[in-house]
Structures are given as structure tokens and as C-alpha cells.
Amino acid sequence: MNITVTKSPASRRAQANLENAAFGEVFSDHMFQMEFRNGGWREAKLLPFGPLPMLPSISALHYGQIVFEGLKAFRQQSGAVALFRPEKFYERFARSCRRLAIPSMSREQFIGAVTSVVREDEGWVPQKRGHSLYLRPFVFASESFLGVRASREYTFMVIASPVGNYYKEGVKPVRLTTSADYIRAAKGGLGDVKTPANYAASLLAAEEARDEGFAQVIWLDAAEHRYLEEAGAMNIFCVIGGELVTPPLEGTILPGVTRDSVLALAKAWGLKIAERRIAIDELFDAGEKGTLREVFGSGTAAVISPVGEIRHRGETLSVNGGNIGPLAQRFYDAITAIQYGEAEDAFAWMEKVV
Ligand code: COI
């Protein structure tokens, strides 16, 4: 891919406090931009990070025809920089684009765009364990048009943000609550693709949960309000008896790359695994019987997020005494060891870029 490069006149890197910024608050010096016009992707550019000139009439602002991704570049023990599973993120991006009627781009264009930002802003990849450069590729409908139909023009961009732990508290168990009033996604909708609407749908519920002292909402299915779907913006895993259980991908759950990585490790370790529906009542029953060992979320931002307590219809379930469980810890340690180049990359997940 031919990329026109305009370098930032002065780097902000020296002033940036890489290690104390909250998630997604600080951005690196450069951004990638490419346009879809006349049926093809063109004008690939690397530019100084900055404001976008745009008309207020572009259709993304009105009808939400937008897809995004989130992946990370890690500083390896050797000093090199590597991306975690970029191909897998590309595949999901392409699937999400299809659902939103957005023309996707080739694998080479997507990964080329991401790596161009990482190479240019290599100095923004933190050294510290637990920290990384979060890459946010996104595409939006940029045709100036208010009719309700798929746009004929799109803008694709990649921005980068040095990040530490997603939760201020680090890898600490969170308290979650179900919501009696809201749902995240219904079958046939957008729940299994990465588009802003899913996140917008979750915000009021998350605010109300926070007001009641919970970190996030544990989403139940839209049809029966019974089965676990996601934990906040993360996939959910439970350890019941001797089995690792996670809801199946049946159209309402985002196919998480970390979810897939957890399952791959679990298989390699010979754990008993089930991808099946888990009723919230089953969880509470298992808690009562003493067979519920662990609950944790998985996602790119936090990697593994243990759940210490769940509230549902006024009842409270304490999980593993509110502590991180051994399996959650084991997955966190194994995934991060691969990401930082400390353990053998047995699944060929890391893609060296610098
Ligand atoms: C994740 O990476 O776990 C998420 O989905 C959250 C992200 C949108 C910030």
C-alpha cells in the first residue's frame, strides 16, 4: 500500500505521561487515514494526530454507520514491538463492515494501516509490564447525505493511545448487576459486531449500575431475560464444578479475540470446556451448592476481569469470596506472558512490527 506521510512537526511524546493516563485519554503523534470513493479505497495517508475537517451532514453522524476495532501493540522483552492477533481483528472488522453495509478493505490494507501507525509512533509503545499501545481502527460513513441508505463514501482511520490497566484498580474483582430494564442486543441485531450502537445502548444502564455501586451490568438475553450474554463490554466465563463455561456465539454476543484466546489455552491445558447457555438462576444455584468457583470477563482492554459479586433481582451472589480465582489468574498470566514475549508463542499470536 502506498502511504503518503506527513510527519508531525513536534512530538508530544516527551511531555506525555505514558504511565499514569487513564484508558484512552492520551493519543500518539500520528494517525492513519484513507478514503473510500468511486468504489475503491484510496488516498492512504499518515498524518499528525489532530482534528478532522468534516461537514455536519456526513451520514455517520446521523445514522451511525460506523465500525471500529481495538487491538494492542506490546513492547517485547527483546525491545521489539509486536501486535496481538491482528489477523483475527481484521476478520472481525470485515464481518462487522458487512453487517453495517460498509465496504471492507483488504487484509493488507487494514494491517498495513495499523502497522504504519505503530512503526511511526514506536516510541509511544510503553515499556512497562501491563501497559501497551492500544490501536483503534475505525471506519465511518463520510458522504454528505441525509437520506436513509448506505453511504457511498467512507473514511477509515487508525489512532493510537498508550494505555495501562483498563480499571483503575488493576486486576481486581468487580461487582456486577443485572438490569431489569434494559437489554444490550437481540437476535438479528448488531450484538455480534463491533459498532458504536451496542456501546451507546449500554451507557445509561451502566450509569445506573454505577450509581448503585456496581462496576458494570451483566447482560442477559433479550428474549427471556434469563441467560448470561456479556459482562459490561466483555465476554463472560464461569467455572462451575470442574468445567469452564461460556455462552455460545449465537448472534448476540461479540466474538471476542480474548475469548477465543482463553478457549484456545483451555483446550491446550486439557480443561473441560462447554460453550453453552448459562441461566442466571443456574449461577445462583451453583453459588448456593458451592459448585460456582469463578466468574470472569475477557476483553482486549482489561484482558481478564474477575467478577467478585453479582446482584440479580435484589439477591446477591458472592463469587470466590470476592477474590480473583486461580483460573482467571492463570489465563491472565498466560495471555500477558505471550503478549510481552516472555513465554513461547505456541499459537503464533504475535506479529512483530518493529
Ligand atoms: C474491550 O477491549 O474489552 C472492550 O470491548 C472495551 C473497549 C471498547 C474499550
Side-chain angles (χ1 to χ4, degrees), residues 21-28 64 66-74 83-93 95-97 99-100 114 126 130-140 157-174 176 184-185 190-207 209-210 214-219 228-237 246-247 249 252-263 295-307 328 331-332 335-336 338-339 349:
F23 182 89
E25 266 187 12
V26 172
F27 295 91
S28 72
I66 309 173
V67 158
F68 71 95
E69 267 309 333
L71 69 163
K72 286 174 168 174
F74 296 87
L83 290 165
F84 183 67
R85 310 193 70 182
E87 300 272 328
K88 199 85 185 151
F89 287 96
Y90 166 71
E91 285 162 19
R92 188 171 67 186
F93 178 80
R95 265 192 60 244
S96 300
C97 283
R99 179 64 182 85
L100 273 292
V114 170
H131 294 240
S132 58
L133 188 65
Y134 183 78
L135 284 315
R136 170 54 64 89
F138 61 105
V139 59
F140 58 93
M157 302 193 70
V158 182
I159 55 175
S161 173
V163 296
N165 289 324
Y166 186 72
Y167 292 107
K168 286 192 297 294
E169 320 85 57
V171 187
K172 272 229 203 98
V174 292
L176 304 179
R184 175 185 168 276
L190 300 171
D192 65 343
V193 295
K194 207 149 174 86
T195 190
N198 292 325
Y199 299 82
S202 76
L203 298 179
L204 178 61
E207 266 188 14
R210 220 158 290 150
F214 297 91
Q216 258 298 351
V217 171
I218 186 160
W219 294 105
L228 306 187
E229 297 227 315
E230 294 195 8
M234 306 180 87
N235 292 119
I236 189 164
F237 285 88
T246 193
L249 302 176
T252 55
I253 293 175
L254 192 76
V257 177
T258 310
R259 177 187 182 278
D260 183 81
S261 308
V262 165
L263 289 172
V295 178
F296 58 90
S298 71
T300 292
V303 189
I304 298 292
S305 179
V307 178
F331 285 120
Y332 179 84
I335 291 171
T336 55
I338 292 172
Q339 290 174 329
W349 282 340

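First listed ligand is number 1; within each ligand, the first listed atom is number 1. Excluded from the calculations below are hydrogen atoms, water molecules and symmetry mates; all remaining heavy atoms, backbone and side chain alike, are included.
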message: So if I count the atoms of ligand 1 from 1 in the order they appear, which ones are less than 4.0 Å from some heavy atom of Thr300?
response: 1 (C), 2 (O), 3 (O)
field: Numbering as shown, the atoms of ligand 1 that approach Gly299 to under 4.0 Å (heavy-atom distance)
entry: 3 (O)
Looking at [atom], what's its closest protein heavy atom, distance included?
| atom | value |
| --- | --- |
| atom 9 (C) of ligand 1 | Phe23 CE2, 3.7 Å |
| atom 7 (C) of ligand 1 | Tyr134 OH, 4.0 Å |
| atom 1 (C) of ligand 1 | Ala301 N, 3.5 Å |
| atom 4 (C) of ligand 1 | Ala233 O, 3.8 Å |

Measure from the side-chain N and O atoms of [X] to the backbone N and O of [Y], and report whether any donor-acceptor pair falls under 3.5 Å.
| X | Y | value |
| --- | --- | --- |
| Glu230 | Leu254 | yes |
| Lys72 | Thr300 | yes |
| Asn235 | Arg259 | no |

- prompt: Out of Arg95, Arg92, Lys194, which residue meets the salt bridge (Lys or Arg N to Asp or Glu O under 4.0 Å) rule with Glu69?
  reply: Arg92
- request: Report the residue from Phe138, Phe68, Phe140 that forms a side-chain contact (heavy atoms from CB on, under 4.5 Å) with Pro196.
  value: Phe68
- prompt: Does any N/O atom on Lys194 come nearer than 3.5 Å to any N/O atom on ligand 1?
  reply: yes
task: State plainly whether the residues Glu229 and Arg184 are in salt-bridge range, i.e. N to O under 4.0 Å.
output: no
